2 protein chains.
Amino acid sequence: MANAQRKGPTPQVPIGSKVQSLRQEQGITLSDLGSRSGVSISTLSKIENGQTSPTFDTLNRLAAGLGVDLTALFHSEAPPSVNGRRAITFAGTGPRHRSGNYEYELLCADLAHRAFVPLLTTLHARSIEDFRKMANHAGEEFFYVLSGEVVLHTEHYAPAHMKAGDSSYFDSTMDHAVYSVSEEPAQILWIATKVSKALKDVVGR
Amino acid sequence: MANAQRKGPTPQVPIGSKVQSLRQEQGITLSDLGSRSGVSISTLSKIENGQTSPTFDTLNRLAAGLGVDLTALFHSEAPPSVNGRRAITFAGTGPRHRSGNYEYELLCADLAHRAFVPLLTTLHARSIEDFRKMANHAGEEFFYVLSGEVVLHTEHYAPAHMKAGDSSYFDSTMDHAVYSVSEEPAQILWIATKVSKALKDVVGR
DNA sequence: CGCTAAATTTTTCGATAAGGAAAATAGAAA
DNA sequence: TTTCTATTTTCCTTATCGAAAAATTTAGCG
């Protein structure tokens, strides 16, 4: 058989073999998949052999018939990214940054493009009055109280008093602020998927 | 599952409007996208208006011309950004789960669909020999040593000795394992973007 | 082993729909 | 208005899709 498409060498995921392996994993025939997906067996054959470029409509029916998400048809057989990054920050050695009421020690900051950012944070604010305005941005946050006692303010909720060992997870889209109520400024381990624009330059993501 | 849909209106992602928004975000015309992707402007117009079901070949060229991953064409317009969630777990009150050498206390586990999962983890392993095989999966991880001393093993790196206050961030695609070397089993705060299949059922994401 | 029957896949070929060049339309600037 | 740009529509070429025929593989049995 001659080659498939006459235009340029279209660099595309070998979707045909992916469909075939998905079908064979389920131990079903072209006919079975045909009735499940509403795509004719002749078309299925051509797709699996790379003899045709299926339409988006057909792709959707295929995914439904195979019981997989549409994007599963495009994931290559072997997992792509095999990154080998590792960073370690020993206690007290991370770069520090003061921003308003928060004092951060950046953990593992030498890694770029992280899925989330860990910050060892010291809370200098002592009351909600210390905040000119509460933070509020896209993403999700979590923190764990390492020492001291804090009060967490978030939109829609009553303020919460928290002690060492307590933790909270919330959507950053709500207004939020945390401050110390213990003798010493409280320390928390802060995890955020997004950081404020001010920190973004420092953290580098 | 009952037999699939035969002919009916194919329920598919509104890919046309997605393409249009991607194009307009870049401030380019149909003509521009045409020359970048190798798809004619007439076809582009029909795709954006939902008047045609593009072939897989065309979809690939479109994604390339827009400079996005193919799957980006299928993600729905509005991210399901959740708004008003908040969870608090007080010290020692989270659900516990033992899995091999690790004993977890799940923090804020009552929230579903989190960007990352925080786990208060007690390390029972005392040497690398205690692991039948090291973990290895997609995603990124971070941990902070709360108490005790640990050794971190990761592929490509020498084992690292870490004490309370130390932390590490690494790609989970590398083989990895952590164990205690202090008198008492060490405790770490573990953050992961993905969790093992075993934990997935428990954590619920 | 051969031979037949059944099951599965591939190919053929006509109907229909996608893709592209160019004309028609809509919109913006002056 | 006119001119220029961007988008939509027209119209024809070409490719996809599907029903049925042909080819291939598999299963069974004397």
Side-chain angles (χ1 to χ4, degrees), chain A residues 1-67 70 73-74, chain B residues 3-68 70 73-74 77:
Chain A
M1 174 202 65
N3 73 341
Q5 47 284 99
R6 68 273 164 259
K7 291 290 184 182
T10 318
Q12 52 185 47
V13 185
I15 195 170
S17 56
K18 182 65 182 175
V19 169
Q20 187 170 57
S21 61
L22 282 172
R23 175 176 65 85
Q24 292 178 338
E25 278 173 17
Q26 301 185 24
I28 62 177
T29 67
L30 290 176
S31 178
D32 295 331
L33 181 54
S35 57
R36 293 187 191 182
S37 63
V39 178
S40 72
I41 58 176
S42 60
T43 298
L44 292 175
S45 173
K46 292 168 194 166
I47 291 173
E48 290 192 354
N49 294 340
Q51 296 175 11
T52 192
S53 180
T55 63
F56 186 57
D57 181 83
T58 300
L59 287 174
N60 276 286
R61 290 199 249 179
L62 262 182
L66 287 167
L70 177 60
L73 297 181
F74 311 129
Chain B
N3 68 344
Q5 62 285 12
R6 184 60 204 156
K7 272 292 183 180
T10 317
Q12 53 186 44
V13 186
I15 196 171
S17 55
K18 181 63 182 177
V19 170
Q20 186 169 58
S21 62
L22 282 172
R23 176 176 65 85
Q24 292 177 338
E25 279 173 16
Q26 301 186 23
I28 62 177
T29 67
L30 289 177
S31 178
D32 295 330
L33 182 53
S35 56
R36 293 186 192 183
S37 62
V39 178
S40 71
I41 58 176
S42 59
T43 299
L44 291 175
S45 174
K46 291 168 192 167
I47 290 172
E48 290 192 354
N49 295 346
Q51 296 174 11
T52 192
S53 180
T55 63
F56 185 58
D57 181 84
T58 300
L59 287 174
N60 276 286
R61 292 197 231 177
L62 262 181
L66 288 167
V68 301
L70 178 60
L73 298 180
F74 311 130
E77 300 286 341

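Note that the coordinates shown come from a computational prediction; the quantities given were computed from them, not determined experimentally. Each chain gets a letter, A, B and so on, in the order its sequence line appears, and its residues count up from 1.
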Check nucleotides 21-26 of chain D against the protein and report each pair of N or O atoms closer than 3.5 Å, with its distance, or say if there are none.
none

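- Following rounding to the nearest Å, I47(B) (CD1) and dT7(D) (C1') show an atom-to-atom distance of 14 Å.
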> Do F74(B) and F74(A) pass the ring-ring contact (aromatic ring centres under 6.0 Å, His included) test, and can you show the C-alpha distance, the side-chain angles, and the key distance before you say yes or no?
Replying inline: CA-CA 11 Å; F74(B) 311 130; F74(A) 311 129; 5.2 Å; yes
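- Closest to the side chain of K46(A), out of dT12(C), dT9(D), dG20(C), is dT12(C).
- Proximity of a side-chain donor or acceptor of T43(B) to a complementary backbone N or O of V39(B) within less than 3.5 Å is not detected.
- A salt bridge links R61(B) with D57(B): the distance from a Lys NZ or Arg NE/NH1/NH2 to an Asp or Glu carboxylate oxygen falls below 4.0 Å.
- In terms of phosphate contacts, R23(B) brings a side-chain nitrogen or oxygen within less than 4.0 Å of OP1 or OP2 of dT7(D).
- Computed from coordinates, the N49(A) CG to dC17(D) P distance equals 14 Å when rounded to whole Å.
- Among the protein residues, G38(B) comes within range of the sugar-phosphate backbone only, with heavy atoms under 4.0 Å from sugar or phosphate atoms but none that close to a base.
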>> Please evaluate residues S45(A) and S42(A) with respect to the criterion side chain to side chain donor-acceptor pair (under 3.5 Å), reporting the C-alpha separation (whole Å), side-chain torsions for both, the decisive distance (0.1 Å), and the verdict.
In response: CA-CA 5 Å; S45(A) 173; S42(A) 60; over 6 Å; no
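- Atom CG in D57(A) sits about 12 Å away from atom P in dG19(C), given to the nearest Å.
- Closest approach to the T52(B) side chain among dA18(C), dT8(D), dT10(C) is made by dA18(C) (side chain taken as heavy atoms from C-beta onward).
- Of the inter-residue distances, the one linking Q20(B) atom CD with E25(B) atom CD reads 11.5 Å to the nearest 0.5 angstrom.
- Taking CG from L33(A) and CG from L62(A), the interatomic distance works out to 6.0 Å, rounded to the nearest 0.5 Å.
- Checking the phosphate oxygens (OP1, OP2) of dT9(C), no side-chain nitrogen or oxygen of Q20(A) falls inside 4.0 Å.
- Look at CG on L44(A): it is 11 Å from P on dA19(D), rounded to the nearest Å.
- Q51(A) has a side-chain polar atom (N or O) that falls below the 4.0 Å cut-off from OP1 or OP2 of dT11(C).
- Nucleic acid contact for T29(A): sugar-phosphate only, since backbone atoms but no base atoms lie under 4.0 Å from a heavy atom of the residue.
- Looking at the side chain of S53(B), the nearest of the listed nucleotides dT8(D), dA18(C), dG20(C) is dA18(C).
- In this structure, CG on L70(A) lies 8.0 Å from CD1 on I15(B), to the nearest 0.5 angstrom.
- At a threshold of 4.0 angstrom between heavy atoms, the contacts of T55(A) are confined to the sugar-phosphate backbone, with no base atom among them.
- Side-chain N/O atoms of S45(A) include none lying less than 4.0 angstrom from OP1 or OP2 on dT9(C).
- Rounded to an integer number of Å, the gap from R61(A) CZ to dA17(C) P is 12 Å.
- At least one donor-acceptor pair closer than 3.5 Å links the side chain of Q26(A) to the backbone N or O of L66(A).
- S42(B) contributes a side-chain N or O that forms a donor-acceptor pair with the base of dG20(C) under 3.5 Å.
- In this structure, CG of L33(B) is placed 13 Å from P of dG19(C), rounded to the nearest angstrom.
- Straight-line distance from the CD1 atom of I15(B) to the P atom of dA18(C): 13 Å, rounded to whole Å.
- Going from atom CG of L30(A) over to atom P of dT9(C) covers 4 Å, rounded to whole Å.
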